[in-house]
Amino acid sequence: MTAYPSAAPGQKTFKLNTGAEIPVVGLGTWQSAPGEVARAVESAIKSGYRHIDCAWMYGNENEVGQGIKASGVPREELFITTKVWGTYHRRVEEGLDSSLKALGLDYVDLLLVHWPVPLIVRGDEKIPLNEDGTRAIDKDWSPELTWKEMEKLPATGKVKAIGVSNWSIPKLERLLKDAKIVPAANQVELHPFLPQHDLVSYCQSKGIMPQAYSPLGSSGGPVLEDEKVKAIAKAHDCDPAQVVISWGVQRGVTVLPKSVTPSRIETNGRLVALTKDEMKSLDELHLQDGKHKRLIKPNWGVDLEFPLW
Ligand SMILES: NC(=O)c1ccc[n+]([C@@H]2O[C@H](COP(=O)([O-])OP(=O)(O)OC[C@H]3O[C@@H](n4cnc5c(N)ncnc54)[C@H](OP(=O)(O)O)[C@@H]3O)[C@@H](O)[C@H]2O)c1
């Protein structure tokens with residue numbers, strides 16, 4: 001039997017509104033290139049991660065599945081999330097089936113609607129465009145109708161929980177008005193430059209787990225270079241990435257750092273205990289001039305009702 005480090009990120013969990021446990025840190029897989037992602041997933045699971053964040057859109061679920069298999073860890077010990085893309089909003093089960101097939105799994109632990117943006121279907125184009133170059137939105141469909149389709153999925157046994165991603169407070173309010181199932185999670189951009197305190201509190205008050213994507217500020221982002229983040233890291237003799245991941249977990253958020261570098265994958269999973277003052281200083285970092293910013297802003301051409309969009 002393989003021994004896993006006791007401080008591994010897979011050991012600590014939060015509870016979802018379904019009663020299931022979700023490991024507080026999960027490995028992100030967006031932009032993890034073919035030839036790299038299987039090794040990243042295998043190395044994460046071997047270093048103790050039990051949570052992998054995937055999406056059909058990332059185009060690498062095949063390799064993610066290979067990494068899961070190569071880890072040798074039984075399926076029931078893992079928490080796997082995937083997401084339904086805009087072109088599948090009218091046929092979410094078909095989207096789920098494509099992901100399951102690529103991943104080589106019978107079920108996922110969490111299925112999210114990737115964006116509240118239904119897209120028209122044109123062949124296998126992932127982002128169909130109009131003639132003028134704008135994104136081709138399915139205007140006869142709505143995210144609330146997509147949620148109705150999502151609610152049918154737990155009964156199939158192919159998903160343990162359903163949730164959303166990139167939903168703002170007004171969008172969540174609209175969804176909750178008619179929902180039979182409260183989303184288990186809302187995955188959004190969260191880091192010290194975009195803490196979204198209102199959205200996190202709103203989700204927590206409704207039993208929706210906030211999940212932090214781009215927690216390090218995404219590729220080449222400025223968050224890890226921030227002087228305050230670096231000073232806190234120095235005080236704990238750890239990496240800046242560990243500081244921002246630990247800040248997320250300490251505010252009750254599941255955090256999804258992406259890396260294909262085994263040494264970073266390992267350290268990203270090691271949480272540090274931040275003091276009350278350090279938490280406050282990270283909570284308030286965005287208030288400094290020029291810091292408050294959203295880094296992931298696809299040009300959907302629809303109003304997502306987020307501040308700073
Ligand atoms: N739901 C959504 O719409 C959505 C949107 C964006 C992201 N996500 C999810 O959230 C995950 C994370 O977000 P992200 O990929 O945008 O960005 P991220 O995790 O904030 O940052 C990833 C970048 O940081 C680097 N990195 C990782 N660990 C580091 C460390 N310890 N020190 C310095 N640099 C480090 C990585 O490089 P290396 O890989 O080269 O090590 C990569 O360039 C995604 O992979 C995806 O699963 C979801």
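In listed order, ligands and their atoms are each counted from 1.
- Residues satisfying the side chain to side chain donor-acceptor pair (under 3.5 Å) test with K83, not counting sequence neighbours, are D53, Y58.
- For K126 and W56, the positive end sits near the middle of the six-membered ring, less than 6.0 Å away and at most 45° from its axis.
- A heavy-atom cutoff of 4.0 Å around ligand 1 is satisfied by the protein residues G28, T29, W30, D53, Y58, K83, H114, W115, S165, N166, Q187, Y213, S214, P215, L216, G217, S218, S219, L224, A241, L256, P257, K258, S259, V260, T261, R264, N268.
- Residue pairs that meet the salt bridge (charged side-chain N to carboxylate O under 4.0 Å, His left out) test with at least one member in residues 33-44, sequence neighbours left out, are E42-K46.
- Screening residues 269-295 for ring pair (Phe, Tyr, Trp, His ring centres under 6.0 Å) gives H197-H286, H286-H292 as the qualifying pairs, with residues at least two apart or on separate chains.
- Of the residues V272, V253, V24, V255, the one that meets the side-chain contact (heavy atoms from CB on, under 4.5 Å) test with I245 is V255.
- Judged by the 6.0 Å and 45° rule, R75 forms a cation-pi pair with Y107.
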